[in-house]
Student: 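Here it is: the structure, laid out below.
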Protein chains: 2
Amino acid sequence: MNNKLIKNSQVFKAFCDENRLQILKLLQSGEKCACVLLEKLSIGQSTLSHHMKILVQSGVVVPRNEGKWTYYSISEQGAQAAKDLLDKLTIVKPGKSGKSGKSGKQGKSTCK
Amino acid sequence: MNNKLIKNSQVFKAFCDENRLQILKLLQSGEKCACVLLEKLSIGQSTLSHHMKILVQSGVVVPRNEGKWTYYSISEQGAQAAKDLLDKLTIVKPGKSGKSGKSGKQGKSTCK
DNA sequence: CTCTCATATCGACAAATGTCAATGTGAAGT
DNA sequence: ACTTCACATTGACATTTGTCGATATGAGAG
């Protein structure tokens with residue numbers, strides 16, 4: 001239960017850091033090698049590795065290994081999953097719309 | 001520029017905490033008074049206030065004041081803005097698709 | 001096999017975040 | 001006015017997160 005909420009929050013952490021957004025922006029033009037990303041990001045190599053791990057764990061980015069290089073790209077499937085989750089988290093269920101609780105007027109000494 | 005990335009990251013911070021996700025879940029069934037939220041969340045009052053501030057600042061939740069009470073609800077407009085932003089951040093631009101860089105084969109001693 | 005290169009992991013540290021208790025503030029109720 | 005109630009703000013503290021330098025790992029190249 002609670003675990004699910006924590007897992008969901010993990011997905012969005014991918015988008016909660018300036019450098020990770022920058023990385024995503026770079027990946028929007030196609031797959032990139034880690035070393036290419038490193039060139040453009042004024043952060044250290046270990047820090048990049050850390051951010052890529054978070055992006056991959058969120059499912060939004062997928063790695064591809066080729067020899068000694070690792071290429072990263074945006075997973076359209078993972079991105080869609082994030083969008084679906086966002087929908088799920090923000091959809092307002094029908095029925096209980098508009099003002100709070102029941103529709104009748106209540107006293108001034110209760111918030112219900 | 002950089003500022004924009006930071007501002008964007010702020011939006012998603014709304015979804016990066018277990019308690020905030022719990023709050024959103026509660027708000028999905030309609031507008032709720034802060035005191036009602038407080039009852040269900042096993043967190044202190046000041047902590048709730050802190051979380052509500054972050055949710056409101058992200059635009060996903062809107063407050064409504066009535067006397068001494070504050071009611072919160074999900075902003076469908078704010079939620080849509082977050083979805084649009086997520087789209088913008090994860091869309092893969094056409095053209096540079098598939099593998100990295102150019103299409104021709106390169107040597108094994110370069111990642112380009 | 002050894003060396004080098006690309007990347008991951010580790011350990012340390014600073015900054016940001018979540019939490020609470022205490023206090024401030026503004027709106028009713030008496 | 002005084003009190004009470006709902007919520008916000010502040011200050012202190014613990015946890016989490018981002019960062020770096022150093023080291024480990026794994027894949028070619030020599």
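Note that the structure is a prediction, hence the values are computed from the model and not measured. Just so you know, these numbers use all the heavy atoms, side chains as well, and skip hydrogens, waters and symmetry mates. Convention: sequence-line order gives letters A, B, ...; per-chain numbering from 1.
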Student: Using every non-hydrogen atom in the two residues, find where A:Q22 and A:L41 come nearest and quote the distance to one decimal.
Tutor: CG-CD2, 3.3 Å

Student: Between C:dA27 atom P and B:W69 atom CH2, what is the distance in whole Å?
Tutor: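 Distance, rounded to whole Å: 13 Å.
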
Student: Which atom pair, heavy atoms only, marks the closest approach of A:L89 to B:L24?
Tutor: O-CB, 4.0 Å

Student: Is B:T70 touching bases, backbone alone, or none of the nucleic acid, heavy atoms closer than 4.0 Å?
Tutor: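 Sugar-phosphate only.
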
Student: Using atom CD of A:E66 as one end and atom C1' of D:dA27 as the other, report the distance to the nearest whole Å.
Tutor: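 In whole Å, D:dA27 C1' and A:E66 CD are 12 Å from each other.
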
Student: To the nearest angstrom, how far is A:Y71 atom OH from D:dA27 atom C1'?
Tutor: 13 Å

Student: Describe, as an angle rounded to 10 degrees, how the axis at the first end of the helix from C:dC1-D:dG30 to C:dT30-D:dA1 is tilted relative to the axis at the last end, five pairs per end.
Tutor: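 Axis angle across the helix from C:dC1-D:dG30 to C:dT30-D:dA1, nearest 10°: 20°.
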
Student: Once you round it to whole Å, what is the distance between P of C:dT17 and CZ of B:F12?
Tutor: 16 Å

Student: Protein within reach of the bases, or only the backbone? For nucleotides 12-26 of chain D, mark each nucleotide 5' to 3' as B, S or -, using heavy atoms under 4.0 Å.
Tutor: -----SSBBBB----

Student: With sequence neighbours excluded, what pairs up with A:K83 under the salt bridge (Lys or Arg N to Asp or Glu O under 4.0 Å) test?
Tutor: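 A:K83 satisfies salt bridge (Lys or Arg N to Asp or Glu O under 4.0 Å) with B:D87 only.
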
Student: For residues A:C111 and B:Y71, report the shortest heavy-atom separation together with the two atoms involved.
Tutor: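 So the two residues come closest at O-OH, 3.0 Å.
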
Student: If the condition is ring pair (Phe, Tyr, Trp, His ring centres under 6.0 Å), which residues does A:F12 pass it with, not counting sequence neighbours?
Tutor: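 Partners of A:F12 by the ring pair (Phe, Tyr, Trp, His ring centres under 6.0 Å) criterion, ordered by chain and then number, come out as B:F15.
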
Student: Figure out the CD1/C1' separation between B:I6 and C:dA15, and round it to whole Å.
Tutor: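 Nearest whole value for this atom pair: 13 Å.
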
Student: Drop me the distance from A:L86's CG to B:L85's CG, to the nearest 0.5 angstrom.
Tutor: 9.5 Å

Student: Show me, pair by pair, the donor-acceptor contacts under 3.5 angstrom made by side chains of residues 49-63 of chain B, not counting sequence neighbours?
Tutor:
{"residue": "B:H51", "atom": "ND1", "partner": "B:R20", "partner atom": "NH1", "Å": "3.0"}
{"residue": "B:S58", "atom": "OG", "partner": "B:L55", "partner atom": "O", "Å": "2.7"}
{"residue": "B:S58", "atom": "OG", "partner": "B:V60", "partner atom": "N", "Å": "3.3"}

Student: Using the rule that Ile, Leu, Val, Met, Phe, Trp and Tyr join whenever any side-chain heavy atoms are under 4.5 Å apart, tell me whether B:I23 and B:V36 fall into a single cluster.
Tutor: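 As far as the 4.5 Å side-chain criterion goes, B:V36 and B:I23 are not connected within one cluster.
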
Student: Checking A:N65 now: which residues fulfil side chain to side chain donor-acceptor pair (under 3.5 Å) with it, not counting sequence neighbours?
Tutor: none

Student: For the pair made of CG in B:L48 and C1' in C:dT17, what is the distance, rounded to whole Å?
Tutor: 16 Å

Student: Expressed in angstrom and rounded to an integer, what is the separation of B:K53 atom NZ from C:dT19 atom P?
Tutor: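 For the pair B:K53 NZ and C:dT19 P, the rounded distance is 16 Å.
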
Student: Tell me: CG of B:L38 to P of C:dT19, nearest whole Å?
Tutor: 13 Å

